[in-house]
Amino acid sequence: MRLRLLTFALFFALCPLPFALVEAQSSPTSLHDAFDAAQCYAYTAQIAGFGERMPGSAGYKKTQDLVEQVLKRTGATIDRDEFTASTPRGPIAVRNIIGKYHVTSDPNQRIVILAGHYDTLFKPGFIGANDGASSTAILLSFADALAKQKTANQVWLVWTDLEEAINEFQGDDGLVGSRHLAQKLAAAGLVPRVRGLFLLDMIGDKDLGVARETISTRWLQDFVSQAAQRLGYTQSFFQYEVAIIDDHKSFLDVGIPSVDVVDARYGRMGPTFDGMGEFHHANTDTMDKVSKASLEIVGRTILLTVELLDR
Ligand SMILES: [Zn+2]
């Protein structure tokens, strides 16, 4: 790998300028090569910079506006799934945002869904650079890539709302937006057309280690393994197993094959820390814990997975 990079650098150093410019401007040859990690990191920083993003907050509204701006700019068909949830905090307005790409007139066209939550925990001072901002941002970068590269399947980007529990993940608390949307898809008879759903959560961690989440659909997870292997990223995926209640559960419950792409070890682990690490749901979940390299590994792997499912 190092040798190939060196050859590439030499080629650009030696070739005449006009040719180098043409090369630099040519469009990517695949969906995963269209992933822009620097832009993804910039989106993450921008969203974390909005501050607390619990439903109804100023940061939450700014996030919604950014998502809808990017969807418009990239030519998506935009859908909103809006409702009022009754919660332990009283009624809360919930909005899942959906952007659809490469929709054809074929009524049987298969659908691939890439999802992630954009709300943050109801906790003063919590800005969720990794838990909330990274998942929101990676979907924005997927929008940019999808605007450049066509797929045979429809690809839906879904920003789920009110994933975080108001009190704790018990009964109907938590996964509120995803549960509503999953039931809506089931009622519309769309479940058989969904090839697979990938839920991205906490994937910006500098010390990246995506869990083999055990309630996820195993055969669909194997596509992610295959993509990671092809890109030389196997060390970052599936080195430990854990079961996690996350938005993918809502979609599994209606019969949609789903995988939670989640790094479940955030910072030091141990009995004195949260079960998902010292920075999980802590006000120390800030941009210094996030890296461009991690966003790149996950972004390219998931987009290559989308390509593998396109065949
Ligand atoms: Zn969380």
Side-chain angles (χ1 to χ4, degrees), residues 43-44 47-57 59-60 63-64 67 85 87-89 92 94-97 114-139 158-182 197-211 213 215-216 242-252 258-269 273-290 294-295 298:
Y43 282 141
T44 310
I47 296 160
F50 293 157
E52 298 167 350
R53 301 178 304 285
M54 64 279 271
S57 65
Y60 166 88
T63 308
Q64 289 178 331
V67 169
T87 79
R89 277 179 187 256
I92 291 182
V94 178
R95 182 195 294 175
N96 299 307
I97 307 172
L114 307 175
H117 76 92
Y118 73 91
D119 62 306
T120 54
L121 203 62
F122 282 88
K123 183 180 182 184
F126 179 81
I127 63 142
N130 192 29
D131 189 2
S134 73
S135 51
T136 307
I138 205 165
L139 295 179
V158 175
W159 286 264
T160 63
D161 194 2
L162 204 53
E163 183 269 343
E164 298 290 5
I166 305 279
N167 293 326
E168 55 183 323
F169 281 102
Q170 261 182 14
D172 283 348
D173 199 0
L175 318 184
V176 173
S178 61
R179 199 160 39 238
H180 190 269
L181 181 62
L197 177 144
F198 300 90
L199 178 77
L200 296 121
D201 201 1
M202 305 203 297
I203 40 63
D205 181 6
K206 245 179 194 169
D207 179 21
L208 183 68
V210 175
E213 196 287 313
I215 69 165
S216 295
V242 60
I244 295 171
I245 302 298
D246 206 343
D247 275 334
H248 67 312
K249 186 182 180 301
S250 302
F251 298 97
L252 283 168
S258 304
V259 172
D260 195 8
V261 180
V262 60
D263 181 339
R265 295 180 174 176
Y266 192 25
R268 287 178 297 171
M269 306 297 290
F273 302 121
D274 178 287
M276 289 174 80
E278 68 176 315
F279 308 133
H280 179 243
H281 287 182
N283 290 3
T284 46
D285 179 1
T286 45
M287 278 310 286
D288 53 310
K289 317 298 187 313
V290 171
S294 299
L295 296 167
V298 177

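Whatever order the structure lists ligands and atoms in, that order sets their numbers, starting from 1. Remember, it's a predicted structure, so these values are computed and weren't measured experimentally.
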Let me check your reading of the structure: within less than 2.8 Å of the Zn ion (ligand 1), is there an N/O/S atom from His117?
no

Could you go through residues 259-266 and list every donor-acceptor pair under 3.5 Å that involves a side-chain atom there, pairing it with any protein atom two or more places apart or in another chain?
{"from": "Asp263", "atom 1": "OD1", "to": "Arg265", "atom 2": "N", "distance (Å)": "3.0"}
{"from": "Asp263", "atom 1": "OD2", "to": "Gly209", "atom 2": "N", "distance (Å)": "3.0"}
{"from": "Tyr266", "atom 1": "OH", "to": "Asp285", "atom 2": "OD1", "distance (Å)": "2.7"}

When you compare the side chain of Glu52 with that of Pro124, does any pair of heavy atoms fall below 4.5 Å?
yes

Of all the N, O or S atoms in Glu164, the one nearest to the Zn ion (ligand 1) is OE2

Ring centers of Phe50, Tyr60 separated by less than 6.0 Å
no

For Asp131, the N, O or S atom at the shortest distance from the Zn ion (ligand 1) is OD2

Around atom NZ of Lys249, are there more than 12 heavy atoms from other residues, nucleotides or ligands closer than 6.0 Å?
no

